[in-house]
Amino acid sequence: MGRGTLRIYLGAAPGVGKTYAMLAEGHRRTERGTDCVVAFVEHHGRPRTEVLLHGLEQVPRRGLEYRGAVFEEMDVDAVLRRAPAVALVDELAHTNVPGSRNAKRWQDVEELLAAGIDVVSTVNIQHLESLGDIVESITGVRQRETVPDEVVRRADQIELVDMSPQALRRRMAHGNIYAPDKVDAALSNYFRPGNLTALRELALLWVADRVDEYLNEYRSEHRVSAIWGSRERIVVGLTGGPEGRTLIRRAARLAEKGAGGEVMAVYIARSDGLTSASPKELAVQRTLVEDLGGTFHHVVGDDIPAALLDFARGVNATQIVLGSSRRKAWQYVFGPGVGATVARDSGPDLDVHIVTHEEVAKGRGLPVARGGRLGRARILWGWAVGLAGPVVLALGLNTVGLGLANDMLLFLAVTVAAALLGGLLPALASAAFGSLLLNYFYTPPLHRLTVADPKNIVAIAIFFGVGMSVASVVDLAARRTDQAARLRAESEILSFLAGNVLRGETSLEELLERVRETFAMESAALLERESDVAPWTCAGRAGFGPPLERPEEADVDMPVGDHMALALTGRVLPAADRRVLAAFAAQAAVVLDRRRLQEEADQARALAEGNRIRTALLAAVSHDLRTPLAGIKAAVSSLRSDDVAWSEEDRAELLKGIEEGADRLDHLVGNLLDMSRLQTGTVTPLIREIDVDEVVPMALGGVPEDSVDLDVPETLPMVAVDPGLLERSVANLVENAVKYSPPGRRVLVAASAIADRVEVRVVDRGPGVPDEAKERIFEPFQRYGDAPRGAGVGLGLAVARGFAEAMGGTLAAEDTPGGGLTMVLSLCAAGPRPEPLPAAEFRTEPERHTI
C-alpha cells in the first residue's frame, strides 16, 4: 500500500474557518462514496462547526490520565484498525498529553500517512516553526506549539482559508469564535486589526512562495528553460548613471499594473578592478528601489549583456527595463551597445523595455582601466585593421596604379587607423607589415625585398617613423585618459565615503559591504588584536565566508596601524587599486572608533540620566517626603501636649493620622529606593517558580478591601519570577488603578495564560490615557492629569515596569473596552499547568492563545 496524501487548510488566524472547511470537505467526500471518518476534531463550542460533525463517523478518542484528570486525544491505534480512506485530523501543531503515543499530533498524522490513509488537517500560520520569531514580534505572543515547516511543505495540497481582518473581528464580536466574556480581551489584544493584517500577509506570502516552489520544481523536473510569465518580475539594468532613478520608477509603475509584481534592480560590475559607476549614485538608487518595495542586486560579470540575461532567466523574470544609450553617435562604431544586444538575445520569453531619459546621447564616461587601456574590443579591432588592412589595401592598389607617394600615404592612413583603434602594438605591427608590402610591391625592384633608389629607403623610413609616432601619441593619450578616469572614479568613491563617514550615515558592516561591492570581492572583514602576540578577532564582516583568524589567509591584506587589518577574499587585487583600498581601510578604522565612542557616550548618557534621577529624588524629598513627616510630627506633638485634654476619639484620630502618614512615607521611600536600584542596575531578581495566585492577593494589602475584584484561576501555569518584585509591581499597578477609578467602580485584577506567557491585567474604569501618553506615564516623576502634588512622586508605574523587565517580563498600557485603562503585565510561564483543566481547555488550539 502506498503512502497517503496530506491536504492542509492553512489559516492566517484563529476563527477564519479552517475546521469548518475541513468538515465540509469531509461531507463532500462522504457524499461521493469515500470512506471518510473524523479522527479528531474539536468544535470549541461553535454551533456551526458542531452541526457539521453530524453525519460523519467519529472514531472514539483515547482517554489519558494526567495530573489527576482524564484528557482525550486522538486514538491512533483505533484509526489504524478502522483503516478509512480519509481521516480528518484537526490542529496539526497540537502537543499531545504526556503519555501519548507521540509527542506531537503531526507525528500521529505521519503514522496515518505511512499506513496509506489520506489525511485532511488544519494549521494556522503562526504555528509554523520558522515564523515563530516574526509572529512574536507582531503579536507579542510566543507560540509554544509549532510544526516543522517541512511537514507542511510536504503536503500534497495546501489551501488557504482567508478572511479579512474586519470580517474576522465582526465574527469575534458576534460571539462566533469565543465566549462573550473573552471577546473584549481578545479584540483588544491578539485580534487587533494590525495583528490580523500582518498575519494575513504572512499567510499569503508563505502560500505564494510555496506556489513558486511547486513551479520551480516542475520546471526543473521537466527541464523547462523558457520563462513562464506566471508572475511579473521586472529586472532593471543599472549602469550607475543618473538615469537609473528614472528606470527604477518606471519599473515600479509597470509592476503595479500586474498582480504580485516584483522589481529587482541589478548592477553588473566587471571582475577586475574598481567599478566605474558613481558609488554615491548607486547608493541613492539602492535606497530608492528598496523604498519602492524592490530588491537591489550586485552581480559580477565581464560580458554585461550575457550576465544581465543570465540573471533575468535565473530569477524567472518576465521583463527587463533598460535605459536608452548615453553614447554619442560615433561611439556606436565600437559595437551595438548593451540595450541592443540584450534586446537581440532576449528571445520571445523576455520583454525588453528601452526607456528614454534626459541623459540620452549625452556621452558616457570612459571606463576605468581593466587590463587594457583601450578596452578589449578596441584592441581586437586595432589588430584586425593593422594586419588585415595593409593586405586589403595592397590587393586594391595592385589593380590601380597611384604612384609610390600616394601608396605610402594610404598605408600610413591604415597605420594611423590601427593606432587610433588599438594603440601602440597594433600600429607598430601595421607599420612594419605595411613597410614590407610597400617594399615588395611598389618599390623598385618590384617583388623583391630590396630597394634600388636610396630616396625610397628614406621614404619608407619616414613612413615607419610617422606610424610609430602616431601610435605613441595615441597610446599616451589613452594612458592619460585612463589615469583621468581612474582618478575620477577614485575621487568620487573617496568623496562619497568621507561624506558618509563624517555624517555618521554608514555603519561598519555597511562600509565593509561597500568595499566588497566596489572591488568585486566575495567577502570583507575588519580584524583587530590587542597586541602583537594576541589572537585576531573580527570587528565586522560582510559577504560570504570572510577570514576570521588571520589576515594572511585572505587574498588581500591591508594593514591599518599596528593591530588592525582589512582582509578581503575573492581574487588578488591589482596594485593600482590598493591606494583606494587603503583609504577604505582607514575609514573602517574611523567608523569602528566612532562606534565605540558612541557606546561610551551611551554609557555616559546613562550615567547622566542616573544623575538626573538622583537630582529629581532630592527634589521629591524636599516636598513629598516632608509632607507626611510634618503630619506625623504635628500629631505626635499634639498627643504629647499637656495643654489639651484629648478625648479617646481625638486620640484615635491622631493615631490614625500618624499611621497613615507612616504608611505613606514607607511607600514613598520604598519607591524611591526601588527606582534608585533600577537606575544603578543593582536589581538582581531571585527567579523561582511560583503560582500567580500566591503572590497577587498579597499585593492588595495597600488598597481598601471593597475596591478590587480578583479573578486569578488556580489552574494557571506557574511563572518564573522574583515573588518580591512581582508583588511590588502588582501593588503599584493596583494602587494606581484605584487612585484613578471613579467612586463605586471596582478595579479588576485578572490573570490568564497565553501560549508560554501568563498575563496579569489590572483593569480600571477611570478616564483612561490617550495613545500618545501611554509610554510617557512609565517615565519617572510622571503623574497623569491634574493629580495633586501629594498624590506621590510619580514613580509607581516606572518601578513596576522596571521590576517587570528585570524579571524578563513586559508591562504595557491598553485601553479598556468601554473606557478606562488596562495595565498588562506579561510574565514567562515556568512549565506545564500544575492543575488539571477540562479537556476543551487543555487543547492548545490557536484560538486559546489569543486571549
Side-chain angles (χ1 to χ4, degrees), residues 3-11 14 18-23 25-26 36-44 49 53 56 58-66 69-84 86-132 135 142-159 161 755-756 832-833 837-850:
R3 179 180 173 87
T5 61
L6 175 61
R7 177 171 184 169
I8 293 179
Y9 286 95
L10 178 68
K18 304 179 302 299
T19 305
Y20 190 93
M22 181 183 67
L23 292 175
E25 176 65 18
C36 181
V37 301
V38 175
F40 187 94
V41 169
E42 184 64 58
H43 58 75
H44 298 285
T49 305
L53 284 172
L56 295 175
Q58 300 187 46
V59 177
R61 303 179 183 182
R62 180 188 178 192
L64 291 171
E65 185 176 352
Y66 178 66
V70 177
F71 300 93
E72 293 183 344
E73 292 287 0
M74 181 174 69
D75 193 338
V76 180
D77 292 326
V79 177
L80 293 174
R81 287 194 300 270
R82 172 63 176 76
V86 180
L88 308 182
V89 182
D90 205 4
E91 304 173 20
L92 186 63
H94 169 71
T95 300
N96 292 330
V97 175
S100 300
R101 182 190 187 101
N102 296 301
K104 294 285 189 176
R105 182 161 294 161
W106 64 264
Q107 295 171 326
D108 297 336
V109 169
E110 287 292 323
E111 287 197 37
L112 300 183
L113 294 173
I117 300 174
D118 295 343
V119 176
V120 183
S121 188
T122 64
V123 72
N124 273 337
I125 192 67
Q126 66 263 31
H127 292 286
L128 294 182
E129 200 166 70
S130 65
L131 301 179
V135 172
R142 183 68 182 185
Q143 300 295 333
R144 279 189 304 177
E145 295 190 324
T146 59
V147 57
D149 287 46
E150 185 59 28
V151 173
V152 182
R153 289 182 184 277
R154 286 201 308 263
D156 299 275
Q157 295 183 59
I158 300 176
E159 183 171 334
V161 182
D756 58 350
R833 294 176 172 83
L837 284 175
E841 290 296 330
F842 178 84
R843 312 211 168 276
T844 53
E845 202 234 10
E847 286 81 350
R848 202 158 6 278
H849 301 314
T850 61

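With respect to E110, the salt bridge (Lys or Arg N to Asp or Glu O under 4.0 Å) criterion is satisfied by exactly one of R105, R3, K104: R3. Each of Q107, E73, E111 was evaluated against R101; a single residue qualifies, E111, per the side chain to side chain contact (heavy atoms under 4.5 Å, CB included) test.
Residues passing the side-chain hydrogen bond (donor to acceptor under 3.5 Å, both in side chains) test with D118, sequence neighbours excluded: T5. The side chain to side chain contact (heavy atoms under 4.5 Å, CB included) check on E159 picks up R7, Y9, with sequence neighbours excluded.
Nearest heavy-atom pair, V151 versus W106, reported as atom, atom and distance to 0.1 Å: CG2-CE3, 3.6 Å.
For the pair P148 and R154, the minimum side-chain heavy-atom distance is 4.5 Å or more. A 4.5 Å side-chain heavy-atom check between T146 and L131 finds every atom pair outside the cut-off. In this structure, L64 and S100 have side chains that are in contact, with non-hydrogen atoms separated by less than 4.5 Å. V89 is listed as a side-chain neighbour of M74, based on a closest heavy-atom distance under 4.5 Å.
E25 CD to L88 CG: the interatomic distance, rounded to the nearest 0.5 Å, is 8.5 Å. Taking CG from D108 and CG from L113, the interatomic distance works out to 11.0 Å, rounded to the nearest 0.5 Å. One distance of note links CZ of R62 with CG of N96; it measures 9.5 Å at 0.5 Å rounding. Annotation: the span from I8 atom CD1 to L92 atom CG amounts to 5.5 Å, rounded to 0.5 Å.
Side-chain atoms of D149 never come within 3.5 Å of backbone atoms of L128 as a donor-acceptor pair (strictly under, hydrogens ignored). In terms of modelled atom types and a separation under 3.5 Å, the side chain of S121 and the main chain of D90 share no donor-acceptor contact.
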